[in-house]
Amino acid sequence: ILVSMLVVQRQVHFLRTKDVGFDSDGLLGIGYVSWDNKSNTLKNELLKNPAVRSVSFSGWLPTDAAGNEVRSLPDPDDPTNTIELWSMYGEPNMARTLGLRLIKGRFLDPGKMGDAIPADDFEAMKTLRPALITATTARIFRIDSLNQPFHEAGIIPVGIIEDFNAESLHKKAVPTAIVGYRDPSYG
């Protein structure tokens, strides 16, 4: 029993002290739900509470999955191989709400209309859009310059953020992009 208690204690300590790459303190996630085009009303009501620092809608929740969508892209080191790039869709302030850390460039800006398309504009989803990418994404796909199209992924990286755990702590960080949308009717 003593050995079991020590193992459990070490695991609990690990879970409490492990840097997952985002600020989980006070983070509230609500499962997938329809907002009936009233997300802005809900957001404004929540922000009236002085204890609420930020609100952001997304189709992704921390530890749900690596993202909302995955694309297989050519491996820059071996064109016969592919690498999965996961994309997360959320409002432009999602990265700041999660407390993600910017390494280079800028965050998506809610004040810049081009940083987020309307959530129901399926034609715009086919165009190149501004995005944040993780350090792993930048390293694997050799992205050194920002504001340059990454055509294979359908994005224009405007900022590089530190890696974060989007899934189980047993998995290493995967290439990830965060793409902005606004006025979601679900998420």
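Residues: numbered from 1 along the sequence shown.
- Between Leu108 and Pro130 the shortest side-chain heavy-atom distance falls below 4.5 Å.
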Test salt bridge (Lys or Arg N to Asp or Glu O under 4.0 Å) on Glu69 and Arg71 and set out the steps.
-> CA-CA 7 Å; Glu69 175 184 285; Arg71 290 184 186 202; 3.6 Å; yes
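- Every side chain to side chain contact (heavy atoms under 4.5 Å, CB included) that Asn49 has, sequence neighbours left out, goes to Ala51, Val52.
- Nearest approach of Glu84 to Val70, heavy atoms of both residues: CB-CG2, 3.6 Å.
- The closest side-chain heavy-atom distance from Ile133 to Ile178 is not below 4.5 Å.
- Considering CE of Met88 and CG of Leu132, their distance stands at 11.0 Å, rounded to 0.5 Å.
- Between Leu73 and Ala153, the closest heavy-atom pair is CD1-CB, 4.0 Å.
- In this structure, the side chains of Leu100 and Phe164 come closer than 4.5 Å at one or more pairs of heavy atoms.
- Closest heavy-atom contact between Pro92 and Ala116: CG-CB, 3.5 Å.
- Side chains of Leu146 and Val158 form no contact here, defined as non-hydrogen atoms less than 4.5 Å apart.
- Applying the salt bridge (Lys or Arg N to Asp or Glu O under 4.0 Å) test to pairs two or more places apart or on separate chains, those with a residue in residues 102-112 are Arg106-Asp115.
- With rounding to the nearest 0.5 angstrom, the CE atom of Met94 is 11.0 Å from the CZ atom of Phe107.
- With sequence neighbours left out, Thr82 forms a side chain to side chain contact (heavy atoms under 4.5 Å, CB included) with Ser72.
- Taken to the nearest 0.5 Å, the CD1 atom of Ile143 stands 7.0 Å off from the OG1 atom of Thr137.
- Counting heavy atoms from C-beta on, the side chains of Leu47 and Lys43 come closer than 4.5 Å.
- Atoms OG1 and CG, on Thr136 and Leu85 in that order, are 11.5 Å from each other to the nearest 0.5 Å.
- Note on Tyr89 and Met113: separate hydrophobic clusters, where clusters join Ile, Leu, Val, Met, Phe, Trp and Tyr whose side-chain heavy atoms are under 4.5 Å apart, directly or indirectly.
- Legend: residues meeting side chain to side chain donor-acceptor pair (under 3.5 Å) with Thr80, ordered by chain and number and at least two apart, are Asp78.
- Scanning for side chain to side chain contact (heavy atoms under 4.5 Å, CB included) contacts around Ile83 gives Asp75, Pro76, Ile140, Phe141, Pro175, with sequence neighbours left out.
- A donor-acceptor contact shorter than 3.5 Å links the side chain of Thr176 to the backbone of Val174.
- With values rounded to the nearest 0.5 angstrom, Leu128 atom CG is found 5.5 Å from His151 atom NE2.
- Heavy-atom minimum distance, Gly159 versus Leu102: CA-CD1, 4.3 Å.
- In this structure, Asp144 has no side chain to side chain contact (heavy atoms under 4.5 Å, CB included) partners at least two apart in sequence or on a different chain.
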